[in-house]
Amino acid sequence: DAGVTQSPTHLIKTRGQQVTLRCSPKSGHDTVSWYQQALGQGPQFIFQYYEEEERQRGNFPDRFSGHQFPNYSSELNVNALLLGDSALYLCASSLAMVPYNEQFFGPGTRLTVL
Amino acid sequence: GENVEQHPSTLSVQEGDSAVIKCTYSDSASNYFPWYKQELGKRPQLIIDIRSNVGEKKDQRIAVTLNKTAKHFSLHITETQPEDSAVYFCAALPRRAGTALIFGKGTTLSVSS
């Protein structure tokens, strides 16, 4: 049973550039949530996708956008990168119809903005 | 919105001792409280969780307690082992559409042998 996968593992960009991160959910899961984890901090919720729509959004600017595909995989896009966007980006998958269900995290993508 | 405070930020114990990590939350409507363990360079992994209709839950050396009135919950690890060394995060799930977890800032637990 494949768990949550993310690509790429590491990424280095310069300020002003754009980046796309990818996530494949655990088999059978239909909901993908994205989190940003700065060094020494807890994960912060960016947004969540279900049925190919953004269902919930955290306190992040519009530079952060996403997409969910019919196979439930998801992308996170960040435009006009800032130094402060450097972080570990985690995606987590879950099943919408199961209340209080565990969210399974992927290994993350380490983004460095220079 | 929901806010989760976690203490202490670092905790050092001797092997075999107990460790306690405490969290408080602000949204009284939050109804699910998971704890995640994150080893260096690895993904967060769920170690135990508790629903709002339960006061305590145990799983071998790990237990979680919830006090809804005071809006705080705690992780208890007994007979600590060096492999328990990691960063532990508490989280809360506000009762609204979606399943966005609100995390604490984490506790770095070091268990020395």
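Heavy atoms only: backbone and side chains are in, while hydrogens, waters and symmetry mates are out. A note on names: the letters A, B, ... follow the listed sequences, proteins ahead of strands, and every chain is numbered from 1.
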Open item on the list: Do B:Val4 and B:Ile47 land in one hydrophobic cluster if side-chain heavy atoms of ILVMFWY residues count as linked below 4.5 Å?
Closed with: yes

Worksheet entry | B:Leu66-B:Val54 co-clustered via ILVMFWY side chain contacts under 4.5 Å | yes

Inspect the surroundings of NZ in B:Lys105 and state if more than 12 heavy atoms from other residues, nucleotides or ligands are less than 6.0 Å away. no

Here the pair of heavy atoms bringing B:Ala100 nearest to A:Gln48 is N-NE2, 4.1 Å

Max heavy-atom pairs within cutoff under 4.5 Å with chain B, candidates A:Gly58, A:Pro43, A:Ala92, goes to A:Pro43

Would you find more than 12 non-hydrogen atoms of other residues, nucleotides or ligands less than 6.0 Å from A:Gln44 atom CD?
no

Filtered by a 4.5 Å non-hydrogen cutoff, the part of residues 11-24 of chain A contacting chain B is none

Expected contact set for residues 77-85 of chain B against chain A at heavy-atom separation under 4.5 Å reads none

- prompt: Passes side-chain contact (heavy atoms from CB on, under 4.5 Å), A:Phe105 versus B:Leu46? Steps please.
  reply: CA-CA 9 Å; A:Phe105 282 88; B:Leu46 181 74; over 6 Å; no

message: Walk me through whether B:Tyr36 and A:Gln103 qualify under side-chain contact (heavy atoms from CB on, under 4.5 Å).
response: CA-CA 10 Å; B:Tyr36 285 84; A:Gln103 291 193 29; 3.8 Å; yes

Okay, B:Gln38 and chain A: the region with an atom under 4.5 Å from a heavy atom over there is side chain

Okay, B:Pro44 and chain A: the region with an atom under 4.5 Å from a heavy atom over there is both

Review point. More than 12 foreign heavy atoms under 6.0 Å from CG of A:Asn59: is that the case here?
Key: no

Query raised in the report: When clusters are formed by joining ILVMFWY residues with side-chain heavy atoms under 4.5 Å apart, either directly or through shared neighbours, do B:Val20 and B:Trp35 land in the same one?
Result: no

**Prompt:** Do B:Ile21 and B:Val64 belong together in a cluster built from hydrophobic side chains that touch within less than 4.5 Å?
**Reply:** yes

When the 4.5 angstrom heavy-atom criterion is applied to A:Gln37 and chain B, the contacting part is side chain

Checking heavy-atom separations under 4.5 Å from chain B, one finds in residues 106-114 of chain A A:Gly106, A:Pro107

Same apolar cluster: B:Phe73 and B:Leu75, side chain cutoff 4.5 Å: yes

- Message: Would you say the ring centers of B:Phe103 and A:Phe45 fall short of 6.0 Å from each other?
- Response: no

Contact list (residues 78-90 of chain A to chain B, heavy-atom gap under 4.5 Å, by number) returns A:Leu88, A:Leu90

